[in-house]
2 protein chains.
Amino acid sequence: MPEKQQAGDERPRRRQARGERRIAQLLEAAAAVFCTTGYTAASTNAIAREAGVSPGTLYQFFPNKEAIAIELGDRLMHEMRETYGEALAPVDPATPLEQAVGAAVDRFIAFNCEHPVFFALMHGPDVPGRITEEHDALHQTLVTRIEGLIRSFLPDAPDADVTRTAQMCLGMYKAGLELVLAHEEAERGAYVQELKNALFRYLEPLTRDGAAPTPDPAAPPLP
Amino acid sequence: MPEKQQAGDERPRRRQARGERRIAQLLEAAAAVFCTTGYTAASTNAIAREAGVSPGTLYQFFPNKEAIAIELGDRLMHEMRETYGEALAPVDPATPLEQAVGAAVDRFIAFNCEHPVFFALMHGPDVPGRITEEHDALHQTLVTRIEGLIRSFLPDAPDADVTRTAQMCLGMYKAGLELVLAHEEAERGAYVQELKNALFRYLEPLTRDGAAPTPDPAAPPLP
DNA sequence: GGCAAACACGAGAGATCGCTCGCGTTTCAC
DNA sequence: GTGAAACGCGAGCGATCTCTCGTGTTTGCC
């Protein structure tokens, strides 16, 4: 129950079943509008219209526009944790890296395909204040999880290297996700495979010689 | 009383030296504001204030807000072509892939570090209409160039595969750029190296067996 | 039935932003 | 010098957006 009460001035209202239904309805409408226009360009009136209610009704349930996105993000995050929480759990080092990468990618791609608004909310540099914080929190959570996964294969690497590798993995995943979402059907599947390939090839050398993290290139940097 | 010309062609005004100076000044101010707030959130009044002129003066030189970003993008693109145009030219297949990747990454990273507004303008999903077109045009240009570079090493691969690989490379570069720009000094250098590693390891297997593009994993693809 | 609270409405207040307009100043060709 | 055009200003218009408010309706509890 994601009921929030600010210190002091706003006490929690007792919602009726009708209210809960309206909230769900409004969040669904907001997801649709955010998907097509992005957060900043989405007007609260448009969200209310999409939900088939008046602007006043919307503000009966959300104190402001930001709260809509926050609540939507919270529910999305909760569902992600519930459904795919173990996707990045550390695995037995005996597990082939290829399988671990493939499974993790498949799960996350599936989630993002089912909830396109997640990508819209998490990818916009236009989102203000608190949403950015949530974004950063999620990012950090994912990086930590990936670090754990990498540690399964590289128990003795320096922390800084593992963090960098995890950040790079997450960045590659985001880039791949964008490509996957931009294509359909067979081509989409091909991009999923391409993303797996990229991640696998990036990580595979690390599993072979745990002591030599970054093979320094012979050539000095060009001017 | 001179007649208003509103439709059709707007004849170019004869600019004085003072005007050219103002334009440069306004574009510089716009770059600063776009960098800190993004395009949509940047107000024309803020740009004018940053440049130390009045809003009316700004509109002496630009018909609307979009034109400012367009002109800024055009000049950036021009400078990029002039300075780094050959960064992605096809290379002698004898060139080590590691060198080719390293040189290309170094050049583009340098450009983006020198012009942070480039990243801000090209990375915002908030930018409207014509800027998105320019973004897509640049994206397509880069993909085509990368395709050419990949063809240097893979003369006989199917077009679709090369395109996918090029898109993936560009995505990885964008992701890496974001990480590079988010860090400073030594850590930044480490991320540059990490990006090079990722790209190199992704592309390296393709240069060995030109006939087997994607090693199919044991698991069947999910829908 | 009676009542209080939750729900619903929609006009519009208040704020912001892109952009204009009238008018004064500077520059330049002649 | 003189006139025309470029330059410069800043109040404010019109459009848009977030959020409020007064009022009326529905719901749940006694």
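Side chains are part of it too, since the values below use all heavy atoms of this structure and drop only hydrogens, waters and symmetry mates. Every chain is numbered from 1 and lettered A, B, ... according to where its sequence line falls, protein lines coming before strand lines.
Among pairs with a residue in residues 180-192 of chain A, those fulfilling salt bridge (Lys or Arg N to Asp or Glu O under 4.0 Å) read A/Glu187-B/Arg164, at least two apart in sequence or across chains. Sorted by first then second residue, the salt bridge (Lys or Arg N to Asp or Glu O under 4.0 Å) pairs that include residues 18-45 of chain B, not counting sequence neighbours, number zero.
Checked against side chain to side chain donor-acceptor pair (under 3.5 Å), B/Glu134 has the following partners two or more places apart in sequence or in another chain: B/Arg130. Applying the ring pair (Phe, Tyr, Trp, His ring centres under 6.0 Å) rule to A/His139 yields no partners; only residues at least two apart in sequence or on another chain are considered.
For the pair A/Arg15 CZ and D/dG28 P, the computed distance is 14 Å after rounding to whole Å. Rounding to whole angstrom units, CD1 of residue B/Ile68 and C1' of C/dG18 are separated by 10 Å. Rounded to whole Å, the distance from CG on B/Leu26 to P on D/dC7 is 12 Å. Look at CD1 on B/Ile23: it is 14 Å from C1' on D/dG8, rounded to the nearest Å. Between B/Glu20 atom CD and D/dG8 atom P there is a gap of 12 Å when expressed in whole angstrom units. Atom CZ of B/Phe62 and atom P of D/dG8 are 12 Å apart (whole Å). Rounded to whole Å, the distance from CZ on B/Phe61 to C1' on D/dG8 is 8 Å.
In summary, the side chains of A/Tyr202 and B/Glu194 do present a donor paired with an acceptor at a separation below 3.5 Å, with no hydrogens or angles considered.
Between the side chain of A/Lys174 and the backbone N or O of A/His123, no donor-acceptor pair lies under 3.5 Å. Side-chain atoms of B/Glu147 do not come within 3.5 Å of backbone N or O of B/Val162 as any donor-acceptor pair.
Under the 30°/60° scheme for interplanar angles, the aromatic rings of A/Phe34 and A/Tyr39 are found to be tilted.
How far CE of A/Met168 is from OH of B/Tyr191: 9.5 Å, rounded to the nearest 0.5 Å.
Using a 4.0 Å heavy-atom distance criterion, A/Gly19 is classed as a sugar-phosphate-only contact.
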Using atom names, set out every protein N or O paired with an N or O of nucleotides 14-19 of chain D below 3.5 Å, distance rounded to 0.1 Å.
| from | atom 1 | to | atom 2 | distance (Å) |
| --- | --- | --- | --- | --- |
| D/dT18 | OP1 | A/Ala42 | O | 3.2 |
| D/dT18 | OP1 | A/Lys65 | NZ | 3.0 |
| D/dT18 | OP2 | A/Thr44 | N | 2.8 |
| D/dT18 | OP2 | A/Thr44 | OG1 | 3.2 |
| D/dC19 | OP2 | A/Tyr59 | OH | 2.9 |
| D/dC19 | OP2 | A/Lys65 | N | 2.8 |

Query raised in the report: Taking protein heavy atoms under 4.0 Å as touching, what does nucleotides 22-30 of chain C look like 5' to 3' if B marks base contact, S marks sugar-phosphate-only contact and - marks none?
Result: ----BS---
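A/Thr57 has a side-chain polar atom (N or O) that falls below the 4.0 Å cut-off from OP1 or OP2 of C/dC9. At least one side-chain nitrogen or oxygen of A/Arg22 sits closer than 4.0 Å to the OP1 or OP2 atom of C/dA8.
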